[in-house]
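Notes follow once the structure below has been shown.
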Amino acid sequence: MRRLEELHFINSYARLPAGFHSRIQPQPLAAPRLAASNPQAAALIDLSPEELARPQFSACLNGEWLPPGAEPLAAVYAGHQFGQYVPQLGDGRAILLGEVEAESGRWELQLKGAGITPYSRRGDGRAVLRSTIREYLCSEAMHGLGIPTTRALALIDSEEEVYRESIERGAVLLRMAPSHLRFGHFEFFYYRNDPEALRILGDYALREHFPHLLGEADPFMRLFEEVTARTAELMAHWQLVGFAHGVMNTDNMSLLGLTIDYGPFGFLDAYDPDHICNHSDVAGRYAFGAQPRVGGWNLSRLGQALMPLFEGEPGEAAERANAALKGYESAFQRAYAEGMNAKLGLISLREGDGELAKRLLRQMHADRVDYTRLFRALGALRLEAPESDGPLRDQFLNREAFDAWAADYRARLRAEGSEDAQRRAAMDAVNPKYILRNHLAQRAIELAEQERDYTEIERLHQLLQRPFDEQPAMEAYAAEPPEWAEELAISCSS
Ligand code: AMP
Ligand code: MG
């Protein structure tokens, strides 16, 4: 375990040529105060947990003191936002402190909300406490669910006024990922018609993050295929757990297939494929059910940007890239079908299983059944005791429809000799009991905003690290959301 001063910085991104980034110092907030810190994430960079309590640690989040070896910079990227190409975005309020080599691998340490950078456009470079708490909690909740994500090391609150729809307080999140590379990094150089820089970026990505592809024939096609595979996995995870990202622009798509840039995200309460969690998304481009398709569209933007790096005739390369995109669709379908069967406690994958799941989801949609609670409750179903279905069928308005479905489900379970206790244990390991519902995050936010009381952040963090375990003292956190939860408007402004 290391002290802050002993972190082993290697900073590969900083070694890229000048046009890739700008050196920039973080700008401190007034009266910073550590609001949350995460020993599990600290362990990933070999940082001793006691270090989190040192004044230097908060000072590091506030950019007043940086560990030796840090080389802060903001990276440039571009992206398709709501379908429109925006030629220059970039780290507008994120500052990469550097990249640390640790036992568990390499981690970029990034401050979010640390002030204006050359890529801030009209923004103030700040992040508000509300959205910072949401990102801190959700990235760790996703990790608890086993979903690839950036991680959160800590967050500071402050007394800095930040202007959004109303005056809020500024905060900074220290997040970590093996790489924060986005599809948009490649688009930036492709659309600027700068093939040399594009190749430097491609070589960098291969060397530092996909080294197993070095030496393969047509390595950038392999890279593209691997990104399609990782994105398919990620989309299946999101759909299976009921997570809506809210702003799936190509600048928010991770090359490593991580969930990145938590903004107006939301977990489904009632099952609804048309659910739009981002109130700024009037057309529903990023509605829950649209995500797998959008993932494919975004991948085709990445494939376009990588075209100059593919080997062979452009026509042939385009054909291979299109085949990779078809592969994305089938990989998603496969991962989703397997995941859904696991949620239903089915061991084998049989003809008709997809239809069985769809029928259940259709009825859940029609009756506005809570997605998380229903699957968790389904695990307690007893194969030979339909009379004990009460609590389950009571979640539906149309109970006859549920009974008919449950009869077919039982038949399917019997066909593979399903055993109650075994099935329940397997289902409980994939159907979470606890998710970060908006209203739960909202309570932690209000306490922090109004009382500077951060205990609810910690409580939720602890809870959501083990979302599949029964935690009897925390039963209330698994309850149906209150009615006011539906009124919570989550916009892009963060
Ligand atoms: P997002 O959709 O939040 O991922 O942000 C899209 C782009 O806007 C990124 O380039 C961000 O860095 C930038 N951005 C968002 N909010 C701010 C802000 N308050 N100040 C500066 N840049 C911002
Ligand atoms: Mg973003």
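Counting convention: from 1, in listed order, for ligands and their atoms alike. Note: hydrogens, waters and symmetry copies are ignored here, and every other heavy atom, side chains too, is used.
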Report task. Examine Arg134 relative to Phe265 and say whether NZ or CZ is less than 6.0 Å from the centre of the six-membered ring and inside a 45° cone about the ring axis. Result -> yes
Query raised in the report: Salt bridge check: are Asp261 and Arg175 linked by an N-O gap of less than 4.0 Å?
Result: yes
Query raised in the report: Could an N or O of ligand 1 be found under 3.5 Å from any N or O of Gly90, whether backbone or side chain?
Result: yes
Report task. Mind running side-chain contact (heavy atoms from CB on, under 4.5 Å) on Arg33 and Tyr454 for me, showing each step along the way? Result -> CA-CA 11 Å; Arg33 185 192 292 220; Tyr454 310 117; 3.4 Å; yes
Query - Element-labelled atoms of ligand 1 that are located less than 4.0 Å from some non-hydrogen atom of Leu89 - result: 10 (O)
**Report entry** Those atoms of ligand 1 less than 4.0 Å from some heavy atom in Arg164
**Finding:** 19 (N)
Report summary line: Note: heavy atom closest to atom 18 (C) of ligand 1, options Ala75, Gly92, Gly125, belongs to Gly125
Requested in this report: May I ask you to say whether Glu233 pairs ionically with Arg230, meaning some side-chain N is under 4.0 Å from a carboxylate O?
Outcome: no
Requested in this report: Number the atoms of ligand 1 from 1 as they appear, then name those within less than 4.0 Å of a heavy atom of Gln81, with their elements.
Outcome: 6 (C)
Requested in this report: Any atoms of ligand 1 less than 4.0 Å from a non-hydrogen atom of Arg121? List them with their elements.
Outcome: 7 (C), 8 (O), 13 (C)
Query raised in the report: Under a 4.0 Å heavy-atom limit, does Arg182 contact ligand 1 with its side chain, its backbone, both, or neither?
Result: neither
Query raised in the report: Does the distance from a Lys or Arg side-chain N to an Asp or Glu carboxylate O, for Glu161 and Arg169, drop under 4.0 Å?
Result: no
Report task. Kindly indicate whether the side chain of Asp281, heavy atoms from C-beta on, has any atom under 4.5 Å from the side chain of Val247. Result -> no
Query raised in the report: Thinking salt bridges, do Glu338 and Lys343 make one under a 4.0 Å N-O criterion?
Result: no
Query - ligand 1-proximal atoms of Arg126, by part, heavy-atom distance under 4.0 Å - result: backbone
**Report entry** Distance in Å, Met248 CE paired with His245 NE2, rounded so as to fall on 0.5 Å steps
**Finding:** 7.5 Å
**Report entry** Min N/O separation Asp261 to ligand 1 under 3.5 Å
**Finding:** yes
Query raised in the report: Going by atom types alone, do Gln462 and Glu458 pair a side-chain donor with an acceptor below 3.5 Å?
Result: yes
Report task. Output yes when the distance from some N or O of ligand 1 to some N or O of Arg93 is under 3.5 Å, and no in every other case. Result -> yes
Query raised in the report: With a cut-off of 2.8 Å, does Asp261 place any N/O/S atom under that distance from the Mg ion (ligand 2)?
Result: yes
Query - Single hit among Leu96, Leu66, Leu109 for side-chain contact (heavy atoms from CB on, under 4.5 Å) with Pro72 - result: Leu66
Query raised in the report: Where on Asn252 is there a heavy atom closer than 4.0 Å to ligand 1, on the side chain, on the backbone, on both, or on neither?
Result: side chain
Query raised in the report: Is any N, O or S atom of Asn249 under 2.8 Å away from the Mg ion (ligand 2)?
Result: no
Query raised in the report: Do any nitrogen or oxygen atoms of Tyr119 lie less than 3.5 angstrom from nitrogen or oxygen atoms of ligand 1?
Result: no
Requested in this report: Check ligand 1 against Tyr77 and write out every atom of the ligand that is under 4.0 Å from a heavy-atom position of the residue.
Outcome: 9 (C), 10 (O)
